[in-house]
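These notes concern the structure reproduced below.
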Amino acid sequence: MSYTKDDITRIAQEQNVRFIRLQFTDLLGTIKNVEIPVSQLEKALDNKMMFDGSSIEGYVRIEESDMYLYPDLSTWVVFPWVTQDRVARLICDIYMPDGTPFAGDPRGILKRALKEAEEMGFTAMNVGPEPEFFLFKTNEKGEPTTELNDQGGYFDLAPMDLGENCRREIVLTLEEMGFEIEASHHEVAPGQHEIDFKYADAIKAADQIQTFKLVVKTVARQHGLHATFMPKPLFGVNGSGMHCHQSLFRGSENAFYDESDALGLSATARQYMAGVLRHARAMAAITNPTVNSYKRLVPGYEAPCYVAWSASNRSPMIRIPASRGLSTRVEVRNPDPAANPYLALAVMLKAGLDGIKNKYPLPAPTDRNIYVMTDEERLDEGIPSLPEDLREALTELLRSEIVTEALGDHALAHFYELKEIEWDMYKTQVHEWERDQYLTLY
């Protein structure tokens, strides 16, 4: 919705709002906020709220710490789970004291990529995300365990799907907050769930992903459960993905649709896909940003680990859903919900635009099940694999001029440093698997 400052002030008074969370996202995709009493609302709406950026991952050094929060008025919402002394939120862009946008703000990075698309004649990037999650039981202290709350499977319902009531309340809460929910269901793995909401322009879609995560975790906690968007919390079952359906528009026209094409795909759509495929390995550090992400990207668990596309086959990285006309879109299936959504959408858009600019040819579709192909067959078909681990992904990231340009020097340097630390901590840790295998053997 579109709100004015007066609208927000009036609603806050009418609904007895006492506190406002000024939210933003750090480089790793974690939601942060500065909470202010309603008495400071006018100051916040005038872009005068300052915070210490040196304490936020990937922001600035202590000697240049002052930063400003500029609220996006369209993101105003009152949280429905607090009935007294209500709390509202505004999602903010980050600015420097001189009034310039902060180069390391993930939301600003996505806006830069969208500006490039606009300069190429595209008026919107529409995105329909599908973030999956697991529900685990908590212990008597309220801490998460690894005990699942159900043993349901794909599309199961109660009594097998014991997360049904929690999931239903999540849906109702999201609808109260302005989401248009299209479907909700149990996913393939026990304890795994998916709630699909309607596509939106890229900035709103990324905002919604962050809000979605907050709502899911909040409602789950009220049910004595812990919700996690960890890509692969359990061995031997499917991990959680965040498929991203995307399309570009010129005004009211879907630039990906061409009714004269056999598949209904325009040259723009094909070039966009070619760009995404070309830069897929370099984007992986952003779309699949954790050590754990690569435990999901293995054959046999419905997660794409091969860089290919198809109009029907679900084993490649990109699939083309059947809808055409205004609904023509590409579904990029490798991102996971640990990704910072602003950065993930920015690098995918930038890669697609590179394909359009340079008119990259789209490889032939792969309609076979790639999981059963041999290494030689994949090599003959020209089908590369996504990186096997975070270390390989970081190496590929630095090799790509397009992806590094999308992030910008500030975000790239800080992101890379944080992920190098993560990898080093992982590779030097002694894991339970190693003790199980070697403690008595040697």
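Values below: every heavy atom of this structure, side chains too, minus hydrogens, waters and symmetry copies.
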Ring pair (Phe, Tyr, Trp, His ring centres under 6.0 Å) partner of Phe51, chosen from Tyr68, Phe24, Phe102:
Phe24
Go through Phe179 and Ile195 one step at a time and tell me if the side chain to side chain contact (heavy atoms under 4.5 Å, CB included) criterion holds.
CA-CA 11 Å; Phe179 281 67; Ile195 297 172; over 6 Å; no
Considering all heavy atoms of both residues, which atom of Leu27 and which atom of Ala411 are nearest to each other, and what is their separation?
CD2-O, 3.6 Å
Results of salt bridge (Lys or Arg N to Asp or Glu O under 4.0 Å) for Asp6 - residues two or more places apart only
none
Interatomic distance, NZ@Lys427 vs CG@Leu390, rounded to 0.5 Å, equals 11.5 Å
What residues form a side chain to side chain contact (heavy atoms under 4.5 Å, CB included) with Pro341, not counting sequence neighbours?
Ala206, Ile209, Gln210
Shortest non-hydrogen contact from Cys305 to Val298?
SG-C, 3.9 Å
Quick one: list whatever passes ring pair (Phe, Tyr, Trp, His ring centres under 6.0 Å) with Tyr294, sequence neighbours left out.
none
Solution key, residues 92-101 side-chain donor-acceptor pairs under 3.5 Å, sequence neighbours excluded:
from	atom 1	to	atom 2	distance (Å)
Asp93	OD1	Arg107	NH1	2.9
Asp93	OD2	Arg107	NH1	3.2
Asp93	OD2	Lys111	NZ	2.8
Asp98	OD1	Thr100	N	3.0
Asp98	OD1	Thr100	OG1	2.6

Sequence neighbours left out, what passes side chain to side chain contact (heavy atoms under 4.5 Å, CB included) with Ser400? Give chain and number order.
His279, Ala282, Ile402, Val403
Using 0.5 Å steps for rounding, measure from the CG atom of Leu277 to the CD1 atom of Ile318.
4.0 Å
Quick one: list whatever passes ring pair (Phe, Tyr, Trp, His ring centres under 6.0 Å) with Tyr438, sequence neighbours left out.
Trp433, Tyr442
With a 4.5 Å heavy-atom cut-off, do Leu28 and Pro289 have their side chains touching?
no
Leu345 to Met125 - nearest heavy-atom pair and separation
O-CE, 4.2 Å
More than 12 non-hydrogen atoms from neighbouring residues, nucleotides or ligands closer than 6.0 Å to CZ on Phe136, yes or no?
yes
Regarding Lys204 and Asp207, does a basic nitrogen lie under 4.0 Å from an acidic carboxylate oxygen?
no
Students often mix this up, so state it plainly: with edges at 30° and 60°, are the rings of Phe133 and Phe212 parallel, tilted or perpendicular?
perpendicular
Side chains of Leu397 and Leu412 in contact at under 4.5 Å (non-hydrogen atoms):
yes
Solution key, residues 33-49 side-chain donor-acceptor pairs under 3.5 Å, sequence neighbours excluded:
from	atom 1	to	atom 2	distance (Å)
Glu35	OE1	Arg21	NE	3.4
Asp46	OD1	Lys5	NZ	3.0

Taken to the nearest 0.5 Å, the spacing of Met283 CE from Lys350 NZ works out to 13.0 Å
Given side chain to side chain contact (heavy atoms under 4.5 Å, CB included), test Tyr3 with Arg10 step by step and report yes or no.
CA-CA 11 Å; Tyr3 293 102; Arg10 174 180 50 80; over 6 Å; no
Who passes side chain to side chain contact (heavy atoms under 4.5 Å, CB included) against Pro144, sequence neighbours left out?
His226
Under 3.5 Å: donor-acceptor pair, side chain of Arg296, backbone of Asn334:
yes
Contacts satisfying salt bridge (Lys or Arg N to Asp or Glu O under 4.0 Å) that involve residues 276-287 (not counting sequence neighbours) are Arg281-Glu392, Arg281-Glu396
Flag the pair Glu182 and Lys198 as a salt bridge only when some basic side-chain nitrogen lies within less than 4.0 angstrom of an acidic carboxylate oxygen.
no
With the side chain counted from C-beta on, respond yes when Arg333 and Met317 share a heavy-atom pair under 4.5 Å apart, and no when they do not.
no
Might you work through the side chain to side chain contact (heavy atoms under 4.5 Å, CB included) test for Met230 and Phe134, ending with a clear yes or no?
CA-CA 8 Å; Met230 180 179 177; Phe134 278 82; over 6 Å; no
Measure from the side-chain N and O atoms of Thr145 to the backbone N and O of Asn139, and report whether any donor-acceptor pair falls under 3.5 Å.
no
Please evaluate residues Leu297 and Asp336 with respect to the criterion side chain to side chain contact (heavy atoms under 4.5 Å, CB included), reporting the C-alpha separation (whole Å), side-chain torsions for both, the decisive distance (0.1 Å), and the verdict.
CA-CA 10 Å; Leu297 297 178; Asp336 66 52; over 6 Å; no
Using atom types as modelled and distance alone, determine if a side-chain donor or acceptor of His243 lies under 3.5 Å from a backbone N or O of Pro129.
no
If you define the side chain from C-beta out and look only at heavy atoms, does anything of Phe79 sit under 4.5 Å from Thr218?
no
Return yes if some donor-acceptor pair links the side-chain N/O of Ser310 with the main-chain N/O of Arg319 below 3.5 Å, else return no.
no
Heavy atoms of Arg89 and Thr75 approach each other most closely as NE-O, 2.8 Å
Check ring pair (Phe, Tyr, Trp, His ring centres under 6.0 Å) between Phe256 and all other residues, then give those that pass, not counting sequence neighbours.
Tyr272
Taking every heavy atom of Gly239 against every heavy atom of Glu132, the minimum-distance pair comes out as O-OE1, 3.7 Å
To the nearest 0.5 Å, atom CD1 of Ile91 lies from atom OG1 of Thr211 at 4.5 Å
Answer yes or no: are there more than 12 heavy-atom neighbours, outside Asn16 itself, under 6.0 Å from its atom CG?
yes
Find out whether Leu172 and Ile181 are in side-chain contact, i.e. whether some heavy atom of one side chain is under 4.5 Å from a heavy atom of the other.
no
If you draw a 6.0 Å radius around CD in Gln15, do more than 12 non-hydrogen atoms from other residues or ligands fall strictly inside?
yes
CG on Leu394 to CG on Asp389, rounded to 0.5 Å:
9.0 Å
Just wondering, are more than 12 heavy atoms of other shown residues or ligands nearer than 6.0 Å to CZ in Arg391?
yes
For Asn292 and Thr290, does a side-chain donor sit closer than 3.5 Å to a side-chain acceptor?
no
Leu439: which residues meet the side chain to side chain contact (heavy atoms under 4.5 Å, CB included) condition with it, sequence neighbours left out?
none
State which residues pass ring pair (Phe, Tyr, Trp, His ring centres under 6.0 Å) with Tyr426; sequence neighbours excluded, sorted by chain then number.
Trp423, His431
Quick check on Gln222: does its CD atom have over 12 non-hydrogen neighbours (other residues, nucleotides or ligands) under 6.0 Å away?
yes
His245 and Glu130: side chain donor to acceptor below 3.5 Å:
yes
Do Arg329 and Pro321 have side chains that approach each other closer than 4.5 Å (heavy atoms only, starting at C-beta)?
yes
Nearest 0.5 angstrom please: Gln23 CD to Asp72 CG, how far?
12.0 Å
Looking only at heavy atoms, the pair that brings Tyr342 and Ile203 closest together is CE2-O, 4.4 Å
